[in-house]
Each structure stands twice: as structure tokens, then as C-alpha cells.
Amino acid sequence: MKKTNLYALLLLLFITMLACNDDNLDVVPRDKFSDANVWVDEGASDLFLNDVYNRIMPDFNNTYDPIENWSDNAICGYAWPRSRNTIQRSLQNPTNNPFAHISDYLRWDVVYNNIRRTNVFIKNVTESTALSDDFKKLRLAEARFLRAYAYQWLYMTYGGVPLIEVPLDRVEQGEDIFYPRSTAEETVQFITSECAAIYVDLPTTPEQGRIGKGAAMALKGWVELYAGKWADAAASNKKIMDELDYDLHPDYEGFFLLKPGEANVEGILYRQYFPPAKGGRLDGFIGPTFTDGGAETSWGGCNPTQELVDDYAMDNGKPIDDPTSGYDPQNPYENREPRFYQSIVYNGSYFYNHTFSMVEGSKNAIDLTDKDDATQTGYYFRKRLDDKTLTLGAANWNGRTSYQNYNCFRYAEVLLNYAEAQNEAVGPDLSVYDAVNEVRDRAGIPDLPLGLSQDDMRTAIRRERRVELAFEDKRFWDLLRWKTAEVNINKPLTGVKITEGPTGLVYEYVDATGGDRQFDASKNYLFPIPQSAIEANSELQGDQNPGY
């Protein structure tokens with residue numbers, strides 16, 4: 001048998017044995033692993049770890065209802081996914097699955113099964129006497145990162161959770177397999193301590209798509225930011241800025257269209273896609289719905305809201321609500337900042353070899369009755385889509401033709417994370433201005449004005465963060481950690497209805513279908529722990545999140 005076929009067979013054997021799990025806990029049945037063939041061979045061990053990578057790194061370029069649709073940035077173009085019929089109405093509960101149609105990366109059972117895989121890898125590689133020390137040091141650091149990254153999803157979604165670092169065995173351990181929830185603080189401490197510990201063992205410049213020092217420190221800084229540990233978050237993000245060789249790609253639009261293998265100075269942690277076998281469905285799932293002749297070219301799963309559009313500045317860097325900005329309500333899309341044109345399809349946009357019309361009577365006019373999959377807001381998603389290589393039409397809807405990376409962390413976010421944390425910790429010092437202005441300079445707009453108060457700088461950073469990171473699934477988590485979801489999400493979201501008037505186009509801002517959002521501040525800052533997990537684990541009984 002060829003060696004590569006042996007590796008594939010061994011991987012299949014491992015996955016089959018690990019799938020035999022009756023509980024939503026990190027419990028592995030007593031099966032006889034063939035250590036002689038797996039944990040003595042670097043190639044076979046890598047196959048196992050590659051499977052862990054594949055399961056834990058988010059595959060959000062293959063979802064038709066992205067997390068962005070949970071926020072005030074976007075609305076799904078059709079009514080049946082969970083962002084419209086569960087999250088939108090605050091109907092999540094312990095017995096339904098609010099993450100269906102969106103992502104298994106937030107499901108309690110799926111995440112713990114993935115954590116179990118990392119624990120199996122860590123245990124067996126650590127105990128192996130055949131694998132080289134260099135191999136073990138690097139791969140164990142990667143595995144510990146992936147486990148910490150998985151716990152990050154659990155922390156943001158559920159708060160404090162059981163922290164399990166070893167494979168569990170019901171036969172040997174009995175009731176000891178049941179772990180209680182750690183506190184949110186303890187969960188944060190575990191994630192950040194792991195990232196700090198593995199930093200030294202990870203490479204400064206990793207292979208594309210793999211874990212390096214930057215990923216470990218970016219995760220540490222992000223979790224600290226989420227927890228409001230401002231000084232710690234500032235220090236972690238500053239460490240990346242000072243010690244590692246990341247930079248902003250010179251072209252904002254071009255960064256998201258980098259091909260596999262192209263130099264990537266901004267990407268810190270990202271999932272790669274390789275069409276056709278391992279491509280994404282980004283273009284077919286969430287791009288503009290109709291193009292020439294009314295042909296349906298995409299599902300239209302992510303429609304930008306008017307609220308997001310209004311946060312894009314003018315080309316002079318001023319927000320549109322500044323009386324000196326030059327904003328003209330009768331020509332709302334003129335003289336806006338470059339990121340607006342690179343991120344949003346609006347009335348008059350040229351995209352997919354087509355000039356889009358959202359004027360009433362056109363196929364892409366705002367859909368206020370859910371009659372088809374046309375835009376719910378008068379806008380379509382553009383950022384990250386490659387209209388020059390896309391295969392148009394129904395053949396592309398489910399085809400894995402998208403090659404674009406999905407970025408989990410990139411350097412622009414590090415700069416904004418640092419600016420926010422430093423502003424909250426000490427106020428708007430020069431380093432805060434420098435970090436924000438570096439992002440604005442790449443975007444092609446002037447620097448922030450000097451003399452901002454801490455509150456004014458906070459507003460500026462949050463606006464900058466919203467537009468820079470739009471459609472990267474960051475906004476929902478930002479609203480949760482800022483405790484502003486009860487304001488931003490708990491109100492109707494709007495779109496634009498455009499009609500022909502006697503002297504030109506008339507823009508009417510209306511409540512968007514699917515935008516009647518509800519958010520219960522008494523409970524919705526966390527999701528409910530699944531009832532199945534509570535019933536399976538005696539240590540979780542009576543420890544549901546408040547309000548559920």
C-alpha cells in the first residue's frame with residue numbers, strides 16, 4: 001500500500017472512532033488506537049492535525065446566512081434562515097438550534113467534539129517517544145492554539161464554560177468525566193494564558209494558512225478586548241505591532257482578492273480556499289441577486305443596511321452628519337470614501353459587467369414584500385467578491401468557485417483593537433491617533449482631527465471599525481461586548497426606496513423587511529446552553545444562562 005494511502009486510511013480510522021460519542025462532552029470511548037502506525041509518524045500525525053484545522057478554522061465563505069446578518073450591518077435577502085426567523089425575533093432557547101443555516105462553529109456539541117480532537121492529539125503527541133522534539137514543539141503549539149480558538153467561540157457565545165484539557169473516558173473515569181462550568185473570568189484566563197505560553201514556540205512567519213506568533217497574540221488581544229481588559233489588550237496588540245512584520249496591504253479592495261500563494265503581509269489568521277474541490281461559495285451565496293435581463297446570479301444572502309451605509313464617511317473623512325462634510329441627501333452616493341464604493345453595490349454601481357438600478361420598477365428595487373430574493377435594503381454586498389472571474393448564473397449558486405481567503409484576524413483589526421484598548425485605558429494619546437490614522441490612510445481618507453476627547457475618540461474608533469471590518473462577521477460580537485446591542489439591534493433596520501420624481505430621483509428611507517429586530521437585554525448577551533448538554537452533564541444542571 002502506498003504511504004499516502006496508509007495515512008488516509010489511518011485518518012479515516014481515527015475520525016470514525018472519534019465520532020462514536022454519545023454525549024455533548026469531551027468523552028472518547030475505549031478504542032484501541034494503533035500507536036505503532038500513527039503517533040510514531042510525523043506524516044500521519046499531521047493528517048490528524050490537518051483535520052483539526054479543517055474543523056476548527058471557520059468556513060464562513062460557505063454559508064448563505066453569515067453572522068453579519070445577526071447585526072445591524074445586514075439583512076438576509078430571503079426569509080427562511082435563522083437570522084430572520086430565530087435571532088431576529090429573539091427566539092433562541094435551550095431546545096432549538098439558533099445556529100442552523102449559519103455556522104456549526106458556535107454549537108456547543110460541535111465545538112466540544114472539536115476540542116476533544118485537539119486533546120487527543122495533544123495527549124498522544126506529548127507521550128510519543130518516536131516523534132522529533134522540533135515537530136512536537138511546533139505542532140503542539142498549533143494544537144493548543146486551535147483549542148484556545150475553539151474556547152473563544154464558546155466564551156463569546158455562552159460565557160464561562162467547562163474547561164477540558166484531556167481526553168475523557170467514561171469507562172475509566174465514570175462520573176469524573178463531568179466538568180462544571182468555569183467562570184467567564186477563568187475561561188478568559190485559560191485562553192489568554194495558552195496564547196502567551198505557546199507564543200515562544202510558534203514561528204514568526206508561518207506557512208500560509210497555519211498558526212504563527214501573530215495568530216496567538218491576536219487571539220489573546222481579542223479575547224482581552226472582549227473581556228474589557230483594556231491595558232492587557234493594548235499590550236498584546238502592541239506586541240504584534242512592535243515585534244512582528246505585519247503591515248497593511250496597499251490596496252483595501254485588492255487585499256480581499258489575493259489568490260492562494262500570493263504574498264500576504266496583512267493576513268494573520270485565515271482559512272484558504274482552493275477551487276474547485278475546496279473552493280468557497282461566497283460569490284454564489286451572498287452577492288447581488290439579479291443582473292442583466294433579470295438573471296439570478298446569486299442568492300443575495302447579505303444585504304447591507306442603510307445604517308451601515310450612513311457610517312461610511314465622505315471622501316474628506318468627515319461623517320455625513322457633520323454639517324461641513326458636503327453630504328448631499330439628493331445625491332447620497334457622491335463623494336463618499338473609497339471603502340464605500342469597494343464594499344457596497346448601490347443604485348448606479350457598475351458590477352458584474354452590469355450597471356445596477358435599484359429604482360422602483362427594476363428587478364433590484366428594494367423588496368418590501370419578500371416576493372423574491374431581491375435586496376431587502378436597496379443595497380447589495382460587494383466587498384470580497386471578484387466580479388472579474390465569477391461564473392455568472394445558476395450554475396454558480398452552489399459551485400465552489402470562490403478562491404478568496406476568509407480572514408479571522410488581519411493587521412488592520414490589530415491596529416483598531418490597539419487603538420480602542422489604549423483609548424479606554426489611558427485616553428486618546430498619540431499612539432491611538434497613529435493606529436487609527438494608519439487604517440484611514442490606507443483607505444484614502446484624511447487623518448482624524450486632533451483634540452478629540454476620549455468619548456469622541458471612542459465614537460470615531462467604533463465608526464472606523466464598523467466600516468473597515470464590514471462583512472467580516474465582527475460587528476455582532478462588537479455590539480455584544482460594548483453592551484450596545486440592546487440599542488442598535490432592538491429597533492427596525494432601514495433601507496432605501498428610490499423612485500423617479502419630477503426633477504430627479506427621490507430617496508425614501510423605509511423600514512426594511514426582515515429588519516424588525518428584537519433583542520432582550522436581560523438574556524440575549526449570551527446564548528442558551530443546549531438542554532441536551534445540561535441533561536447529559538450532571539455538573540451543568542441548574543447552571544443555565546440567565547433568562548433561559
Side-chain angles (χ1 to χ4, degrees), residues 60-61 63-69 71-77 249 251-258 280-292 295-313 315 332-358 362-367 373-392 396-397 401-407 410 412 442-445 466-475 495-496 498 512:
F60 291 157
N61 281 0
T63 180
Y64 46 78
D65 188 24
I67 293 174
E68 200 80 352
N69 289 339
S71 76
D72 56 351
N73 274 2
I75 300 171
C76 188
H249 189 278
D251 175 14
Y252 179 75
E253 184 175 34
F255 165 72
F256 299 102
L257 302 180
L258 290 172
R281 289 174 284 189
L282 179 70
D283 302 304
F285 276 174
I286 58 178
T289 307
F290 300 107
T291 51
D292 287 319
E296 190 163 1
T297 58
S298 169
W299 287 26
C302 187
N303 303 160
T305 62
Q306 188 65 47
E307 285 76 12
L308 171 61
V309 168
D310 287 346
D311 260 353
Y312 284 93
D315 58 9
Y333 311 132
E334 289 188 0
N335 303 318
R336 302 297 288 271
E337 64 156 292
R339 286 175 299 190
F340 170 73
Y341 303 110
Q342 296 165 342
S343 303
I344 308 290
V345 173
Y346 58 93
N347 184 58
S349 291
Y350 186 77
F351 192 63
Y352 282 9
N353 298 314
H354 173 71
T355 299
F356 278 78
S357 171
M358 277 70 166
S362 72
K363 193 68 174 171
N364 285 307
I366 187 171
D367 181 5
D373 293 344
T375 174
Q376 307 289 292
T377 63
Y379 302 100
Y380 284 122
F381 176 106
R382 178 175 189 144
K383 179 180 171 181
R384 299 198 287 132
L385 303 183
D386 186 352
D387 66 329
K388 297 176 177 60
T389 63
L390 179 65
T391 301
L392 299 179
N396 182 59
W397 290 349
T401 59
S402 302
Y403 64 84
Q404 302 92 318
N405 295 334
Y406 181 84
N407 288 279
R410 59 186 179 92
R442 192 267 297 273
I445 55 176
R466 185 179 196 179
V467 299
E468 173 69 24
L469 302 177
F471 312 122
E472 297 180 52
D473 299 316
K474 303 290 184 179
R475 176 70 174 178
V496 60
I498 307 174

Q.
Go through it in stages, so that I can follow the logic: the residues are Phe256 and Asp386, the test is side-chain contact (heavy atoms from CB on, under 4.5 Å), and I'd like the CA-CA distance, side-chain angles, deciding distance and then a yes or no.
A. CA-CA 9 Å; Phe256 299 102; Asp386 186 352; over 6 Å; no
Q: In sequence, state the C-alpha distance, the side-chain angles, and the governing distance for Phe381 and Glu68, and then conclude on side-chain contact (heavy atoms from CB on, under 4.5 Å).
A: CA-CA 11 Å; Phe381 176 106; Glu68 200 80 352; over 6 Å; no
Q. Yes or no on side-chain contact (heavy atoms from CB on, under 4.5 Å) for Arg475 and Asp72, after CA distance, side-chain angles and deciding distance?
A. CA-CA 8 Å; Arg475 176 70 174 178; Asp72 56 351; 2.9 Å; yes
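For Asn364 (side chain) and Phe290 (main-chain N/O), a donor-acceptor pair under 3.5 Å exists by modelled atom type. A donor-acceptor pair under 3.5 Å is absent between the side-chain atoms of Ser402 and the main chain of Gly284, judged by distance alone. For Asn69 (side chain) and Gly301 (main-chain N/O), a donor-acceptor pair under 3.5 Å exists by modelled atom type. In this structure, Ser298 contributes its side chain and Thr289 its backbone to no donor-acceptor pair below 3.5 Å. The backbone N or O of Ser357 lies less than 3.5 Å from a partner atom in the side chain of Ser362, making a donor-acceptor pair. A distance-only check finds no donor-acceptor pair linking the side chain of Gln404 to the backbone of Leu257 [under 3.5 Å]. No donor-acceptor distance shorter than 3.5 angstrom exists from the side chain of Ser349 to the backbone of Phe356, with no hydrogens or angles considered. A donor-acceptor pair is defined here as one N or O able to donate and one able to accept, closer than 3.5 Å; such a pair exists between the side chain of Tyr380 and the backbone of Thr375. At distances below 3.5 Å, not a single donor-acceptor pair connects side-chain atoms of Asp387 with backbone N or O atoms of Phe351.
Expressed to the nearest 0.5 Å, how far CG of Asn407 lies from CG of Asp473 amounts to 11.0 Å. Atom SG of Cys76 is separated from atom CD of Gln376 by 8.0 Å, given to the nearest 0.5 angstrom. Rounding to the nearest 0.5 angstrom, the gap separating the CG atom in Leu282 from the CG atom in Asn405 is 11.0 Å. Separating the CD atom in Glu307 from the CG atom in Asn73 is a distance of 9.5 Å, to the nearest 0.5 Å. The CD1 atom of Ile75 sits 11.0 Å away from the CG atom of Asp367 when rounded to the nearest 0.5 Å.
Considering every non-hydrogen atom in both Thr355 and Gly348, the closest pair reads CG2-O, 3.9 Å. Shown here for Arg442 and Arg410, the closest heavy-atom pair between the two residues is NH2-NH1, 3.4 Å. Residues Lys383 and Ala470 approach most closely at NZ-O, 2.7 Å, considering heavy atoms. The heavy-atom pair separating Tyr312 from Val467 by the smallest distance is CE2-CB, 3.6 Å. Nearest heavy-atom pair, Ile286 versus Pro66, reported as atom, atom and distance to 0.1 Å: CG2-CD, 4.1 Å. Closest non-hydrogen pair, Gly287 versus Leu385, comes out as CA-CD1, 3.5 Å.
Applying the side chain to side chain contact (heavy atoms under 4.5 Å, CB included) rule to Ala313 yields the partners Glu337; only residues at least two apart in sequence or on another chain are considered. Judged as a side chain to side chain contact (heavy atoms under 4.5 Å, CB included), and not counting sequence neighbours, the contacts of Tyr333 are Phe340, Tyr346, Asn347, Tyr379, Val496, Ile498, Tyr507. Residues that satisfy the salt bridge (Lys or Arg N to Asp or Glu O under 4.0 Å) test with Arg336, not counting sequence neighbours, are absent from this structure.
Inter-residue side-chain proximity for Cys302 and Phe471 is flagged as met; some heavy-atom pair is nearer than 4.5 Å. Residues Arg466 and Leu308 have side chains in contact (heavy-atom distance under 4.5 Å, counting atoms from C-beta outward).
By the 30° and 60° cut-offs, the orientation of the rings of Phe60 relative to Tyr406 is perpendicular. Between Trp299 and Tyr64, the ring planes are tilted. Angles from 30° to 60° get that label.
A salt bridge does not link Arg384 to Glu472: none of the charged side-chain nitrogens sits closer than 4.0 Å to a carboxylate oxygen. One finds a salt bridge joining Arg339 and Glu468 here, because a Lys/Arg side-chain nitrogen approaches an Asp/Glu carboxylate oxygen to under 4.0 Å.
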